[in-house]
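Remember, predicted model here, so these are calculated numbers, not experimental data.
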Amino acid sequence: MLSTFTKEPPLAMTRKRTAEESSKVRVLLVDSHPILRESFAWFINRETDLDVCARTGDPSKAMQELGALQPDLVLLEISMEGEDGVTFIKRLHEEFPQVNILVFSHLDEALYAERALRAGAKGYIMKQAPIEEVMAAIRKVGVGGRYLSCLMQERMLETFANGNRSQSLGMGSLSDRELEVFKRIGAGLSTREIAEDLRISIKTVETYRAHIKKKLCLRN
């Protein structure tokens with residue numbers, strides 16, 4: 001199947017879209033894993049009403065493609081190389097507020113979906129979802145709608161119903177920066193290594209550690 005894939009196209013040259021192209025939801029696919037990116041582009045392009053107009057694993061190139069192509073949808077993996085995914089969504093939303101963003105990730109929606117929506121995404125779907133469900137999410141968000149799995153919708157509705165709209169528990173209580181620090185602690189990085197990786201001071205990392213311990217009720 002991979003033999004049918006073409007190389008990633010260069011930045012698009014300006015040209016008029018055909019009537020057939022105008023009727024399709026145009027997708028910019030951003031995923032740092034080449035094989036997964038190409039495989040999923042193939043699946044999307046099989047649909048008669050969807051078209052991957054560009055694909056890349058580089059956040060900087062994605063911003064260039066977005067400005068040049070003006071796609072209907074940016075479909076991205078929130079786990080990115082070189083930049084935090086939630087931070088990238090915020091930057092993308094600030095520079096292109098009209099863009100529709102759908103996160104397509106292997107990371108648990110219970111932990112990341114709400115963060116992605118707050119950052120500017122209009123939907124979140126996990127890579128474990130059936131392909132039909134993924135395509136439905138692309139179509140819905142591609143025309144400006146919103147998408148969350150039934151399980152995630154129930155979870156958020158329960159949070160609102162219980163009066164916890166402004167208060168999250170457990171991992172959901174961590175700020176985006178605290179979560180970045182927490183992931184690096186889990187990966188075995190020292191305080192100094194975390195500080196160097198995030199380009200912050202050791203004292204700041206220690207402060208984040210203290211906040212994480214308090215919010216998660218941890219002794220160490």
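- Grouping the Ile, Leu, Val, Met, Phe, Trp and Tyr side chains by contacts below 4.5 angstrom, directly or via other members, places Ile131 with Leu73.
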### Message
Under the criterion salt bridge (charged side-chain N to carboxylate O under 4.0 Å, His left out), I'd like the reasoning laid out for Arg37 against Glu77: C-alpha separation, chi angles, the key distance, then a yes or no.
### Response
CA-CA 10 Å; Arg37 183 170 67 239; Glu77 166 62 76; over 6 Å; no
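- Contact between Met80 and Gly85 at its shortest, heavy atoms only, is SD-CA, 3.9 Å.
- One finds the CD1 atom of Ile44 at 13.5 Å from the CZ atom of Arg26 (value rounded to the nearest 0.5 Å).
- Side-chain contact between Val74 and Asn100: absent, with no pair of heavy atoms (C-beta onward) separated by less than 4.5 Å.
- Interatomic distance, NE2 of His33 versus OG of Ser39, reported as 12.5 Å (0.5 Å rounding).
- Between Asp31 and Leu76 the shortest side-chain heavy-atom distance does not fall below 4.5 Å.
- Listed here is the closest heavy atom pair of Tyr124 and Met126: CE2-CG, 4.1 Å.
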### Query
Going through the distances and angles, do Leu75 and Ile138 end up as a side-chain contact (heavy atoms from CB on, under 4.5 Å)?
CA-CA 8 Å; Leu75 181 67; Ile138 291 174; 4.0 Å; yes
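- Taking NZ of Lys122 as the start and CD1 of Ile89 as the end, the distance is 13.5 Å to the nearest 0.5 Å.
- Between Ile194 and Arg209 the shortest side-chain heavy-atom distance falls below 4.5 Å.
- Comment: Arg139 does not engage Asp72 in a salt bridge, judged by the lack of any side-chain N to carboxylate O separation of less than 4.0 angstrom.
- Within the 4.5 Å cutoff, no side-chain heavy atoms of Leu198 are placed close to those of Val205.
- A pairwise comparison of heavy atoms in Ser105 and Ile78 identifies OG-CG2, 3.4 Å as the closest pair.
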### Message
Let's go through Val27 and Asp51 carefully: what are the C-alpha distance in whole Å and the side-chain angles of both, what is the deciding distance for side-chain contact (heavy atoms from CB on, under 4.5 Å) to 0.1 Å, and is it a yes or a no?
### Response
CA-CA 6 Å; Val27 180; Asp51 174 51; over 6 Å; no
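- Residue pairs meeting the salt bridge (Lys or Arg N to Asp or Glu O under 4.0 Å) criterion with at least one member in residues 173-184, sequence neighbours excluded: Lys90-Asp176, Arg115-Asp176, Arg177-Glu180, Glu178-Lys215, Arg184-Asp197.
- The shortest distance between side-chain heavy atoms of Val30 and Pro59 does not fall below 4.5 Å.
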### Task
Applying salt bridge (charged side-chain N to carboxylate O under 4.0 Å, His left out), run through Glu47 and Lys24 and close with a yes or a no.
CA-CA 9 Å; Glu47 304 295 316; Lys24 295 183 177 183; over 6 Å; no
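- Between Tyr147 and Gln153, the side chains place no donor N or O within less than 3.5 Å of an acceptor N or O (distance only, hydrogens not considered).
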### Task
Under the side chain to side chain donor-acceptor pair (under 3.5 Å) rule, what do Thr204 and Ser201 come out as? Steps first, then yes or no, please.
CA-CA 5 Å; Thr204 300; Ser201 70; 2.7 Å; yes
### Message
Walk me through whether Phe88 and Met63 qualify under side-chain contact (heavy atoms from CB on, under 4.5 Å).
### Response
CA-CA 10 Å; Phe88 178 68; Met63 298 296 285; 3.8 Å; yes
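- The hydrophobic clustering, which links ILVMFWY residues whose side-chain heavy atoms are closer than 4.5 Å, places Ile202 and Tyr208 apart.
- Applying the salt bridge (Lys or Arg N to Asp or Glu O under 4.0 Å) definition to pairs two or more places apart or across chains, those involving residues 91-100 are Glu83-Arg91.
- Using a 4.5 Å heavy-atom threshold, the side chains of Tyr112 and Leu179 count as touching.
- Once rounded to the nearest 0.5 Å, the distance linking CD1 of Ile125 with CE of Met152 reads 13.5 Å.
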#### Entry: Audit row: Glu109, Ser149, side chain to side chain donor-acceptor pair (under 3.5 Å) steps and yes/no
CA-CA 9 Å; Glu109 62 182 354; Ser149 70; 2.9 Å; yes
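- What you find for Gly123 and Leu102 is that their closest heavy atoms are C-CD1, 3.4 Å.
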### Task
Please test Leu148 against Leu117 for side-chain contact (heavy atoms from CB on, under 4.5 Å), starting from the C-alpha separation and ending with a verdict.
CA-CA 10 Å; Leu148 284 174; Leu117 295 178; 3.8 Å; yes
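- By the rule that hydrophobic residues join a cluster once side-chain heavy atoms approach within less than 4.5 Å of another member, Leu36 and Val52 end up as members of separate clusters.
- Of the inter-residue distances, the one linking Leu189 atom CG with Glu196 atom CD reads 9.5 Å to the nearest 0.5 angstrom.
- The distance between the ring centers of Phe40 and Phe104 falls below 6.0 angstrom.
- Counting heavy atoms from C-beta outward, His106 and Ser79 have side chains that approach closer than 4.5 Å.
- Side-chain heavy atoms closer than 4.5 Å link hydrophobic residues (I, L, V, M, F, W, Y) into clusters, and following such links, possibly through other members, connects Phe43 to Val141.
- Residues Gln98 and Gln70 are not in side-chain contact: their nearest non-hydrogen atoms beyond the backbone lie 4.5 Å or more apart.
- Residue Glu65 holds its CD atom at 6.5 Å from CG of Leu28, rounded to the nearest 0.5 Å.
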